[in-house]
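This report refers to the structure that appears directly beneath it.
All ligand and atom numbering here is 1-based and tracks the order in the structure. Residue numbers run from 1 in the order of the sequence given.
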Amino acid sequence: MRVWIVFLLCLAGHAMAAPAEEEPALEELVTEEPAEEVEVGANPVQVEVGEFDEAIEVVEDAAENPCLNHRCKKGKVCEVDDTNTPMCVCQDPSSCPAAEGEFEHICGNDNKTYDSSCHFFATKCALEGTKKGHKLHLDYIGSCKLIEPCLDNELTEFPLRMRDWLKNVLVTLYARDEDNNLLTEKQKLRVKKIYENEKRLEAGDHSLDLLARDFQKNYNMYIFPVHWQFGQLDQHPADGYLTHSELAPLRAPLIPMEHCTTRFFEECDADKDKYIALEEWAACFGIKEQDVDKDLVI
Ligand SMILES: *[C@@H]1O[C@H](CO)[C@@H](O)[C@H](O)[C@H]1NC(C)=O
Ligand SMILES: [Ca+2]
Ligand SMILES: [Ca+2]
């Protein structure tokens with residue numbers, strides 16, 4: 001998640017700030033499925049149990065409130081039935097906390113603006129089992145707006161810039177990694193080679209021409225960043241394929257700033273099976289087939 005914050009800062013054209021632990025988890029905000037990451041709906045007992053309460057009270061509370069340790073996926077909250085058995089039920093959107101601002105708004109792929117991701121997932125839950133509910137996805141962060149169509153020539157620019165960002169994000173993570181452990185040891189070894197390469201194009205506002213030439217010349221430096229990005233997204237489950245919701249942490253913040261995002265990822269799914277395989281992913285970033293290597297997704 002810290003990775004995405006850095007990534008966003010690059011995209012927004014700001015100087016990269018130190019990754020902040022206390023930032024809201026973007027990935028958590030936009031990833032739709034994994035139930036285990038989702039917090040239990042706030043309940044008064046949980047809120048009142050503070051560090052200063054005696055342990056015995058906590059145990060009693062847990063026994064009395066089976067919802068305390070019962071996790072529900074996004075859009076659902078825990079309730080107990082007549083037999084005091086916890087179950088997850090759809091959250092009423094009106095019980096969602098009021099959005100604190102425009103930045104919490106979410107645009108659905110129905111081109112409707114939802115006040116917050118809570119409102120969005122509660123609405124999606126209410127439609128569970130219907131065709132409409134199945135089709136409803138979080139499209140991007142922010143209120144719905146007019147997104148200009150992506151022209152063919154703009155589409156070809158997209159991977160040029162994205163590859164460059166990825167490389168710079170990795171190098172920046174590496175440079176700051178000493179105390180943060182943002183990368184694993186294996187990843188560090190890979191990035192070290194890029195970081196220490198004198199021919200590396202430094203981060204900057206480069207022309208598309210230069211980016212294209214650098215990709216030709218320093219092609220090898222781009223192979224790992226493209227694989228790494230895939231590995232960051234392919235986690236629910238890590239099976240070598242990206243689903244729509246696995247892609248969401250990348251897509252959702254990007255779309256309002258980069259109008260070719262949707263078309264790019266649509267076309268990335270070359271066989272149109274709704275999954276982006278590692279091979280498809282690598283190909284749409286210009287990585288040659290013989291350089292696609294599952295072992296690089298580490
Ligand atoms: C989506 O909604 C926005 C804002 O209401 C509007 O400007 C835009 O034209 C809509 N897009 C589509 C594809 O209907
Ligand atoms: Ca996957
Ligand atoms: Ca595919």
Side-chain angles (χ1 to χ4, degrees), residues 1 3-4 25-38 73-74 99 101-117 119-120 123-124 132 134-151 154-155 158-159 162 166 184 187 226-289 291-298:
M1 143 244 161
V3 169
W4 295 120
L26 180 60
E27 208 164 84
E28 223 168 75
L29 175 69
V30 292
T31 305
E32 295 182 23
E33 291 312 330
E36 66 280 3
E37 282 188 4
V38 181
K73 71 170 191 173
K74 237 155 239 180
E102 160 81 12
F103 65 92
E104 281 190 45
H105 293 182
I106 291 292
C107 183
N109 62 346
D110 53 356
N111 202 32
K112 271 197 197 135
T113 301
Y114 297 83
D115 279 357
S116 69
S117 64
H119 291 87
F120 173 82
T123 306
K124 183 169 160 74
K132 201 172 154 198
H134 186 68
K135 278 195 193 151
L136 183 61
H137 287 290
L138 185 161
D139 200 12
Y140 53 90
I141 292 173
S143 299
C144 297
K145 58 178 191 177
L146 180 64
I147 297 202
E148 298 289 336
C150 171
L151 306 175
E154 294 170 325
L155 187 64
F158 187 89
M162 182 132 156
L166 288 177
T184 65
Q187 290 171 332
V226 168
H227 283 77
W228 168 78
Q229 164 86 102
F230 187 89
Q232 292 290 302
L233 297 170
D234 180 26
Q235 308 210 347
H236 308 290
D239 56 0
Y241 296 91
L242 298 182
T243 61
H244 188 279
S245 59
E246 282 177 311
L247 201 55
L250 176 60
R251 272 174 44 104
L254 207 53
I255 293 174
M257 293 183 274
E258 294 277 346
H259 67 289
C260 282
T261 307
T262 299
R263 190 172 159 200
F264 179 77
F265 289 119
E266 263 168 25
E267 299 198 4
C268 212
D269 176 21
D271 64 5
K272 301 276 169 259
D273 68 349
K274 305 250 187 249
Y275 296 95
I276 300 181
L278 175 61
E279 293 74 14
E280 291 173 323
W281 175 268
C284 57
F285 285 103
I287 303 300
K288 295 172 198 145
E289 213 179 322
D291 298 318
V292 180
D293 182 356
K294 286 196 165 58
D295 294 335
L296 284 182
V297 182
I298 46 176

Against heavy atoms of Cys144, which atoms of ligand 1 measure under 4.0 Å? 4 (C)
Lys294 bridged to Glu279 by N-O distance under 4.0 Å: yes
Name of the Asp271 atom (N/O/S only) found closest to the Ca ion (ligand 3): OD1
Heavy-atom distance from atom 2 (O) of ligand 1 to the protein below 4.0 Å? yes
Whether Pro237 has an N, O or S atom under 3.0 Å from the Ca ion (ligand 2): yes
Which label fits Tyr114 and Phe120: parallel for a plane angle under 30°, tilted from 30 to 60°, or perpendicular past 60°? perpendicular
Minimum-distance atom from the Ca ion (ligand 2) among N, O or S atoms of Asp239: OD1
Shortest-distance N/O/S atom, Asp273 versus the Ca ion (ligand 3): OD1
Asp139 side chain vs Asp110 backbone, donor-acceptor pair below 3.5 Å: no
Got a donor-acceptor contact below 3.5 angstrom from the Lys112 side chain to the Cys144 backbone? no
Main chain of Ala99, side chain of Asp115: is a donor-acceptor contact present, judged purely on distance under 3.5 Å? no
Look at the N, O or S atoms of Tyr275, main chain and side chain alike, and state whether any lies under 3.0 Å from the Ca ion (ligand 2). no
Have a look at Leu242 and tell me which of Asp269, Leu233, Leu278 forms a side chain to side chain contact (heavy atoms under 4.5 Å, CB included) with it. Leu233
Winner among Asp110, Asp139, Asn111, Ile147 once heavy atoms are compared against atom 13 (C) of ligand 1: Asn111
Would a 4.5 Å heavy-atom cut-off, applied to side chains only, mark Leu250 and Met162 as touching? yes
If you round to 10 degrees, what value do you get for the angle at the Ca ion (ligand 3) between Asp269 atom OD1 and Glu280 atom OE1? 110°
O (Tyr241) to the Ca ion (ligand 2) to OD1 (Asp234) angle, given to the nearest 10 degrees: 90°
Pair His105, Ser143: side-chain N/O donor-acceptor within cut-off below 3.5 Å: yes
Proximal ligand 1 atoms for Leu146, defined as those under 4.0 Å from one of its heavy atoms: 7 (O), 9 (O)
